[in-house]
Amino acid sequence: MAEYQEAEAGDRLNANLERLDQLNRRFLNVLAKRKPPNPAMLGPGAEFYSEAMAAFMHESASHPAKIFEQQVSYWGESLQNWMNLSASINDDEKDESAKKSDSRFRSEEWQDSPFFKLVREQYLTNAKAVQRAVADMEGVNERQRQRLEFFSRQIVDMMSPANFLVTNPEALQRAADTEGESLVRGLENLVRDLERNDGELLVTLADTDAFTVGENLATSEGEVVCQSPLFELIQYAPRTEKAHRIPLLIVPPWINKYYILDLKPDNSFIRWTVEQGFTVFVISWVNPSAAHREVGMDDYAAEGCIKAINEVKRITGEKQINTIGYCIGGTLLALVLAYMAKTGDKSVRAATFFTTLTDFSELGELGVFIDEDFLRAIESEVAEKGYLPYIHMSRTFSFMRAGDLVYGPAVRSYLLGETPPAFDLLYWNGDSTNLPAKMTIDYLRRLCQDNQFGRDGFELLGETVKLSDVRHPLIAVACEKDHIANWPGSYRGIAAMGSRDKSFLLSESGHIAGIINPPTRNRYGHYMSGSIPKSASEWREKAEFHEGSWWGVWRGWVSRRSGAMIDARRPGENGVTTFGPAPGQYVHTSG
């Protein structure tokens, strides 16, 4: 029996060595083909570091006692960690507090070993020292402080002992238990991710074999009823005999793809909305390439949003429609509504905004990237390629939640050798899109950096439009923990719009989960208030909390503005040309 086990172990070892040899060749091959990245796209410019160093030197010269106090505190805490190590060697009790406070250190291995307890505690001491030094630094303005806090946190997160094999007891134990198999699987996952992104490292967050768009995602029945160089327009088949007369057009973001609103049947906002008796259309944007270099915000307005509105009117025979804009799709919709108000176009009856920024005066964490160093680098990148490759936006949004979207998944995939979870939201998150060169600069310079729409006016199709020009009835939904469109910023834009009839809802959770929150799950609640004061904080004080999804509240609001019930419309009726079944062709184009 022992001889058989030894032979079996030898066979496994030889098989793993052969796999390692193959993986090594694949690894070297993908790195050889990798194009050198633009270093300016990977981090802040030299000015950032020189400003930080100058501020620190000034702090040291002006307040030496404070620096000395920080150092004494740091060394005192470090000494306490060593003393705790000595005590824990003779103490069998486990430290359960770390399991509750920090997901990186929840495994039993971090609690069982005095050595790894010390590694963990000293890392947390170092992290706190860095955070305290940045928070106490004087001589920097608020924008500099925000960038210092963000990028110092990136360094602190990166240096977590959980991210390295030799200081991660869970990964070491897994390797021992599997006779190294977990490390081989981890290397396979790493090489796969490099190959998938042409040598750039972007962690795969979801099991890509678990989903296929059109088969178990984006399955709501419908037809493509318009196909243009910029978008496909999908009309969904009715699921009720009667539907509201006023149709509904959804303008999704073109950063990622529209089917975030049509994931699986049980959490599809589109399917649910059709089931509530609405005629639903959605724009599926083209995934840009170098051929779209000169496509700007004017094009997304005229040849995208406005064209789609007119197509919905033509297909349904209605003079007015209702609209939904999500994220940057909501920003575009607001610009179009302001333009329509100025030009006397009454095509839109009422509008909904999901997690939309229109006033960019305070961008939250996203603002750390809207600075000259990054903007100059992006301008150089899009001038060369004609578009902004998807990987840059994916990285930006991921590092805004680095623990959940970068290091945690990397540890599970590369150190523990696990297969990513079959999670539809994360699969969609990884199905990224490029951005056209001109549109990228329009958005980052004119909207984000200069805040033209929220200040003196944004030039759109020959008209100068402002937030106050938006006068349509509207309802907006923001998310409490949104790391992309911070909810106070979203509120500020809505409050500045000229509409008399407007409502604002605040959902629990983040940019995606707070929106994709079907009533059947009732996972997150929401806040409501009957008034729209100028200040977001004042609104929050008056808002009342309600359990469950906000979808039902929205349905009631939009139903009252959607006209009488008529026989439900079907895609392709009355001689309307169709171009194939939903989800169409554009959604399948990879970045």
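Predicted model only: the values in this text are computed from it and were never measured.
For the residue pair Ser361/Arg492, the side-chain donor-acceptor check at 3.5 Å is satisfied. Defined by atom type and a distance below 3.5 Å, a donor-acceptor pair is present between the side-chain atoms of Tyr259 and Asp431. For the residue pair Asp102/Tyr123, the side-chain donor-acceptor check at 3.5 Å is not satisfied. Side-chain polar atoms of Glu149 and Gln131 form no donor-acceptor pair below 3.5 angstrom.
The closest donor-acceptor contact from the side chain of Asn287 to the backbone of Thr433 lies at 3.5 Å or more, if one exists at all. Side chain of Ser152 to backbone of Leu148: a donor-acceptor contact under 3.5 angstrom is found. The backbone N or O of Ile484 lies less than 3.5 Å from a partner atom in the side chain of Asp482, making a donor-acceptor pair. In this structure, Arg145 contributes its side chain and Met137 its backbone to a donor-acceptor pair below 3.5 Å. Checked by atom type and distance alone, the side chain of Ser509 never pairs as donor or acceptor with a backbone atom of Ala513 at under 3.5 Å. Within the 3.5 Å criterion, the main-chain N or O of Gly525 finds a donor-acceptor partner in the side chain of Glu508. At least one donor-acceptor pair closer than 3.5 Å links the side chain of Asn163 to the backbone N or O of Asp157. Within the 3.5 Å criterion, the main-chain N or O of Glu418 finds no donor-acceptor partner in the side chain of Arg412. Side-chain atoms of Asn486 come within 3.5 Å of backbone N or O of Glu362 as a donor-acceptor pair. Of the possible donor and acceptor atoms, none in the side chain of Glu179 sits under 3.5 Å from a partner among the backbone N and O of Ala175.
The only option from Lys33, Arg34, Arg26 that meets the salt bridge (charged side-chain N to carboxylate O under 4.0 Å, His left out) definition with Glu195 turns out to be Arg26.
Proximity of Trp550 to Leu505: side-chain heavy atoms (C-beta onward) are separated by under 4.5 Å at one or more points. Residues Glu200 and Val30 have side chains not in contact (no heavy-atom distance under 4.5 Å, counting atoms from C-beta outward). Trp110 places none of its side-chain heavy atoms less than 4.5 Å from the side chain of Lys117. A 4.5 Å side-chain heavy-atom check between Leu357 and Trp487 finds every atom pair outside the cut-off. When side chains are defined from C-beta on, Arg19 counts as touching Glu181, because their heavy atoms get closer than 4.5 Å. A 4.5 Å side-chain heavy-atom check between His511 and Cys479 finds every atom pair outside the cut-off. Side-chain contact between Glu544 and Met528 is absent, with no heavy atoms from C-beta onward closer than 4.5 Å. Contact annotation: the side chain of Tyr407 never approaches that of Val203 to less than 4.5 Å [non-hydrogen atoms, C-beta and beyond].
One finds no salt bridge joining Arg174 and Asp177 here, because no Lys/Arg side-chain nitrogen approaches an Asp/Glu carboxylate oxygen to under 4.0 Å. Checked for salt-bridge contact, Arg376 and Glu47 meet the test: a charged N lies under 4.0 Å from a carboxylate O. Look at Asp450 and Arg445 and you find no salt bridge, because none of the NZ, NE, NH1 or NH2 atoms lies under 4.0 Å from a carboxylate O. With salt bridges taken as basic N to acidic carboxylate O contacts below 4.0 Å, none links Glu170 and Arg106.
The minimum heavy-atom distance linking Leu202 with Ser394 is given by the pair CD2-CB, 3.9 Å. Taking all atoms of both residues into account, the shortest heavy-atom contact from Ile370 to Leu444 is CD1-CD2, 3.7 Å. Here the closest non-hydrogen pair linking Val406 and Pro409 is O-CD, 3.4 Å. Closest of all the heavy-atom pairs between His526 and Ser549 is CE1-O, 3.4 Å. Between Ala485 and Thr355 the shortest heavy-atom distance is CB-O, 3.5 Å. Smallest separation of non-hydrogen atoms from Pro161 and Phe105: CG-CE2, 4.1 Å.
With values rounded to the nearest 0.5 angstrom, Arg104 atom CZ is found 4.5 Å from Ser160 atom OG. Rounding to the nearest 0.5 angstrom, the gap separating the CD atom in Gln146 from the CZ atom in Arg143 is 7.5 Å. Atom CG of Asp21 and atom CD of Glu18 lie 8.0 Å apart (nearest 0.5 Å). The CE atom of Met393 lies 9.5 Å from the CZ atom of Phe369; values are rounded to the nearest 0.5 Å. Interatomic distance, Leu183 CG to Glu188 CD, rounded to the nearest 0.5 Å: 11.5 Å. Residue Cys327 holds its SG atom at 6.0 Å from CD1 of Ile255, rounded to the nearest 0.5 Å.
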Could you go through Arg153 and Glu365, starting from their C-alpha distance and side-chain angles, then the distance that decides it, and tell me whether this counts as salt bridge (Lys or Arg N to Asp or Glu O under 4.0 Å)?
CA-CA 12 Å; Arg153 188 170 72 246; Glu365 285 198 343; 2.5 Å; yes
With side-chain hydrogen bond (donor to acceptor under 3.5 Å, both in side chains) as the criterion, how do Tyr414 and Asp193 come out once you've worked through the C-alpha distance, each side chain's angles and the decisive distance to 0.1 Å?
CA-CA 10 Å; Tyr414 306 151; Asp193 287 349; 2.5 Å; yes
Does the pair Arg196 and Thr204 meet the rule for a side-chain hydrogen bond (donor to acceptor under 3.5 Å, both in side chains), with working shown?
CA-CA 9 Å; Arg196 182 171 291 156; Thr204 297; 2.7 Å; yes
Could you please spell out the steps behind the side-chain hydrogen bond (donor to acceptor under 3.5 Å, both in side chains) verdict for Asn197 and Tyr390?
CA-CA 10 Å; Asn197 298 291; Tyr390 71 91; 2.6 Å; yes
Intermediate values then yes/no, side-chain hydrogen bond (donor to acceptor under 3.5 Å, both in side chains), Thr331 and Thr356
CA-CA 6 Å; Thr331 306; Thr356 296; 5.5 Å; no
Side chain to side chain contact (heavy atoms under 4.5 Å, CB included) evaluation trace for Val184 with Thr178:
CA-CA 10 Å; Val184 176; Thr178 63; over 6 Å; no
Test ring pair (Phe, Tyr, Trp, His ring centres under 6.0 Å) on Phe151 and Phe399 and set out the steps.
CA-CA 10 Å; Phe151 290 112; Phe399 276 102; 9.7 Å; no
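Atom NZ of Lys385 has more than 12 heavy atoms from other residues, nucleotides or ligands within 6.0 Å. Around CG of Asp198, the count of heavy atoms belonging to other residues, nucleotides or ligands within 6.0 Å does not exceed 12. Around the CZ atom of Phe150, the shell of radius 6.0 Å holds more than 12 heavy atoms that belong to other residues, nucleotides or ligands.
Ring geometry for Tyr326 versus Phe354: interplanar angle over 60°, hence perpendicular rather than tilted (30 to 60°). Ring-plane geometry between Phe360 and Tyr443 is classed as perpendicular, the angle between the planes exceeding 60 degrees on a 0 to 90 degree scale with a lower cut at 30.
For the pair Arg540 and Tyr527, the cation-pi test (distance below 6.0 Å, angle within 45°) is passed.
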Please tabulate, one pair per line, all N/O donor-acceptor pairs under 3.5 Å involving side-chain atoms of residues 419-429, not counting sequence neighbours.
| residue | atom | partner | partner atom | Å |
| --- | --- | --- | --- | --- |
| Asp424 | OD2 | Asn267 | ND2 | 3.0 |
| Trp428 | NE1 | Lys257 | O | 2.7 |

